[in-house]
K.L.:
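To start, I am sharing the structure in question, which I have written as structure tokens.
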Amino acid sequence: MPHDPSQDGPLAGVVAYDLSAPGCLALLRRFDAQFHRLPPEARDEAARRLPLRLPLAERADGLLVLPGGALAWRDETGILLPDPGSAIGVTTLAPALRRLALAAPGATALHHAADGLQLGAAGAVQCAVVLPSAAVLAPLLPAVVEWRGPALLHSHPGGAVLWELVPAPPALALAASLCGEAIPDSAALPRHLWAMGADDRFQHLSAGLAQHLDEHLAAEISDALRFALIGHWTDGDSSEASRLADGLGLLPAGFGPDPGRPPAGGMAAAFPRAAAALPDGHALLGLAGAEAAGRWDAALRQRFLQQLRAQWPEALLLGESGAVPPLPLEGLAADRLARTENRACVALLPLGEPAAPSLLLQRAGALARMLDAPLLLLAPPWGLGQWLDGTGGCGNGPGFGMGAALELFDED
């Protein structure tokens, strides 16, 4: 069995090689010496198992925009991120909440202008306010009395969502420091610097991590170990760059590439009639024939209706085909609609106020699993859009508390 460098003398007690800690580089150089005694085929595994911790990059501070449109706040104490699980959604309260937030001392407003993200509170479809203290909103939202620090408010047409800003787990703090872009005081931050999908986030982080590792290690260890570490951190689906890119994708991204459309606003393509008929303060829960594939029949639609009656009796039912208006769930008309061949069947759900989007996501996800068919949950007042199925689906639901989110990285 090849010798494990981490079991050599003083190296046996090293929990992690923290490059910001005194003496760490000396231990890493000792690891490097042992690394070269390994057979070539064992070196990649030794580099992969090396518990390396990197200091944060010193690129920018203040309000930062991350790849994908999420926000972070960096000051001398560290990096704060919005906690997805803390999200509180409002509808009719949104205008008063936004006025109270903008009037708070030290508040920082941001909006998506035609040429990118810009400081200021100009009217826009996509806008946000960062508050030094969430407590100023307690007169309207008593639940935030227990929040001890800053908060982030995203406003949307017809509603808003508030998140608590909390210390970032070390791994995500590193990612934010590497690729967070500061907003210029007198200019817009162009979209190409932050409006990124998953693949572009990965490439951005991969390049940033490679440069960061090179800056800290080039003069300290051999090229062989340095290149092995860079490869482990930046190459492939199992790399740290890939994991961190996925982590940034879990954060609430209130800014999308199209300044005239709310986040997730394009997800209702299968439900154009329902989206157009959606009343203020409501969410759309849609069951589409194209997504249900070979299982699309009257029995599935009837089960959908039965569950709606049990869980959301105040909802309305709408079919995408035909001209029947939204119907109350009780009564024969709703049953007839469920039996009628429709390309989609939609529930229009009233949103509570204030409400936890995570609870709505959980209820909709449980219904999708019960039906064994994908459902679209779209809440335009909150900027929420998520396809739900047995595997979690796709959309921005994680940014509203669906899943473990930041807790995944607290274990690092």
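Please read these numbers as outputs of a predicted model, since none were measured by experiment.
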K.L.:
Assess whether side chain to side chain contact (heavy atoms under 4.5 Å, CB included) is satisfied between Ile221 and Phe35, documenting all intermediate values.
P.N.:
CA-CA 11 Å; Ile221 60 175; Phe35 176 80; over 6 Å; no
K.L.:
Only counting residues at least two apart or in another chain, list the ones meeting ring pair (Phe, Tyr, Trp, His ring centres under 6.0 Å) with His154.
P.N.:
Trp163, Phe255
K.L.:
More than 12 non-hydrogen atoms from neighbouring residues, nucleotides or ligands closer than 6.0 Å to CG on Asp237, yes or no?
P.N.:
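Open.
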K.L.:
Compute whether any side-chain donor of one residue and acceptor of the other, for His112 and Arg191, lie under 3.5 angstrom apart.
P.N.:
yes
K.L.:
Less than 4.5 Å apart, any side-chain heavy atom of Leu284 and any of Leu349?
P.N.:
no
K.L.:
Under a 3.5 Å cutoff, is there a donor and acceptor pairing between the side chains of His36 and Asp32?
P.N.:
yes
K.L.:
When you check the gap from the basic side-chain N to the acidic O, do Glu314 and Arg309 get nearer than 4.0 Å?
P.N.:
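Judged by the 4.0 Å cut-off on N to carboxylate O distance, Glu314 and Arg309 do not form a salt bridge.
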K.L.:
With no hydrogens and no angle check, is any side-chain donor or acceptor of Gln386 less than 3.5 Å from a backbone partner on Gly397?
P.N.:
yes
K.L.:
Does the pair Arg273/Glu320 count as a salt bridge with the N-to-O cut at 4.0 Å?
P.N.:
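Looking at Glu320 together with Arg273, the answer is no, because their closest N to O distance does not fall below 4.0 Å.
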K.L.:
Using only heavy-atom distances, determine whether the side chains of Glu353 and Thr92 contain a donor-acceptor pair under 3.5 Å.
P.N.:
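On atom types as modelled, these side chains qualify, holding a pair under 3.5 Å.
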K.L.:
List for me each residue that meets ring pair (Phe, Tyr, Trp, His ring centres under 6.0 Å) alongside His216, sequence neighbours excluded, and say none if there are none.
P.N.:
His212
K.L.:
So for atom CZ, which belongs to Arg343, do other residues, nucleotides or ligands contribute more than 12 heavy atoms lying within a distance under 6.0 Å?
P.N.:
yes
K.L.:
Taking Asp223 first and then Arg226, would you say they form a salt bridge - that is, a charged N and a carboxylate O separated by under 4.0 Å?
P.N.:
yes
K.L.:
Quick check: are there more than 12 heavy atoms from other residues, nucleotides or ligands sitting under 6.0 Å from CG of Asp280?
P.N.:
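For Asp280, atom CG is not crowded (no more than 12 foreign heavy atoms under 6.0 Å).
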